[in-house]
Amino acid sequence: MIDSSHLRAALLAIAEAVSAHAEELTALDAAIGDGDHGANMKRGFDAVAADIDTICAKPLAEALKAVGTKLVMTIGGASGPLYGTLFLTLGKELAVNPEAYVVAYRKAVEAVAARGKSGINQKTLLDVLYPVADALEAGKPKSDVVAVARAAVAGTKDRKAIRGRASFLGDRSIGHIDPGARSSLLLIEAAAGVLP
Ligand code: ADP
Ligand code: MG
């Protein structure tokens with residue numbers, strides 16, 4: 001069972017990973033976007049970390065919703081509402097079906113897609129989030145799930161962006177890793193490191 005203390009460890013690990021990789025995310029976004037993804041993500045997860053005691057005093061589902069709300073308010077850009085939706089939906093789903101983590105994750109990814117009016121293979125964070133849902137549903141061990149996510153990030157490089165700012169570049173977006181895909185991998189790696 002996952003509880004708020006696991007969530008606390010996961011969120012702090014995510015905040016640390018995002019901070020450590022903020023320059024990398026910014027460089028990826030500078031190549032095919034506007035160069036703010038590192039700063040956006042760092043602002044969001046630093047805000048979550050700063051409020052971690054209040055957030056994780058709540059039951060898991062409520063804590064996840066609080067994270068989503070905080071991320072929507074602080075990340076900004078296109079990715080703020082998307083990452084916010086991911087956590088908000090996890091919380092909403094687990095409030096109804098506690099412990100149905102894989103189902104909740106799938107619904108959360110679908111909610112992100114609905115929010116972004118986007119799908120898989122459009123060179124966005126969904127190119128990572130969807131394969132991870134598949135891997136979780138297949139019952140793969142954590143190390144395999146992370147491997148799937150890593151391969152998915154690499155796979156964004158040869159793809160043309162269809163959604164988000166990078167899509168303005170058309171074919172010139174090809175040859176670059178998607179920044180949101182890379183940040184999603186940071187979240188997944190950090191979560192896999194601390195969740196049971
Ligand atoms: P902005 O593009 O507003 O500057 P960020 O730089 O923080 O926002 O985030 C960019 C990332 O957001 C992209 O790399 C991509 O993964 C993701 N993204 C942007 N638009 C969409 C969308 N419509 N659907 C899914 N993901 C998207
Ligand atoms: Mg940007």
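Numbering of ligands and ligand atoms starts at 1, following listing order. Basis for what follows: all heavy atoms, side chains included, without hydrogens, waters or symmetry-related copies.
At least one donor-acceptor pair under 3.5 Å links the side chain of K123 to the backbone N or O of T156. Of the possible polar contacts, none joining the T89 side chain to the L86 backbone as a donor-acceptor pair under 3.5 Å is found.
Side chain to side chain, S19 and K42 meet the donor-acceptor criterion of an N or O pair below 3.5 Å. Side-chain atoms of T26 and H37 form no donor-acceptor pair, as typed in the model, at a separation below 3.5 Å.
The pair D53-R8 meets the salt-bridge criterion, since a charged nitrogen lies less than 4.0 angstrom from a carboxylate oxygen. Note on E62 versus K65: salt bridge recorded, some NZ/NE/NH1/NH2 to OD/OE distance being below 4.0 Å. Between R150 and E189 there is a salt bridge, with a side-chain nitrogen of the basic residue lying less than 4.0 Å from a carboxylate oxygen of the acidic one.
Distances from ligand 1 to the non-hydrogen atoms of G33 include no value under 4.0 Å. Within the 4.0 Å heavy-atom cutoff, R165 counts among the residues contacting ligand 1.
With a heavy-atom cut-off of 4.0 Å, L82 touches ligand 1 through its side chain alone.
What sits closest to atom 12 (O) of ligand 1 on the protein, heavy atoms only, is S79 CB, 4.0 Å. Ranking the protein heavy atoms by distance from atom 25 (C) of ligand 1 puts S118 OG, 3.3 Å first.
Residues forming a side-chain contact (heavy atoms from CB on, under 4.5 Å) with P131 (at least two apart in sequence, or on another chain): I120, V148, A152.
Between atom 23 (N) of ligand 1 and the options G116, A114, G35, P81, the minimum heavy-atom separation is to G116. If you check each of I32, T124, D178 against atom 13 (C) of ligand 1, the one with the closest non-hydrogen atom is D178.
Ordered by chain and number, D29 OD2, D34 OD1, D36 OD1 make up the set of protein N, O or S atoms under 2.8 Å of the Mg ion (ligand 2).
Set against the non-hydrogen atoms of D36, the atoms of ligand 1 under 4.0 Å away are 4 (O), 5 (P), 6 (O).
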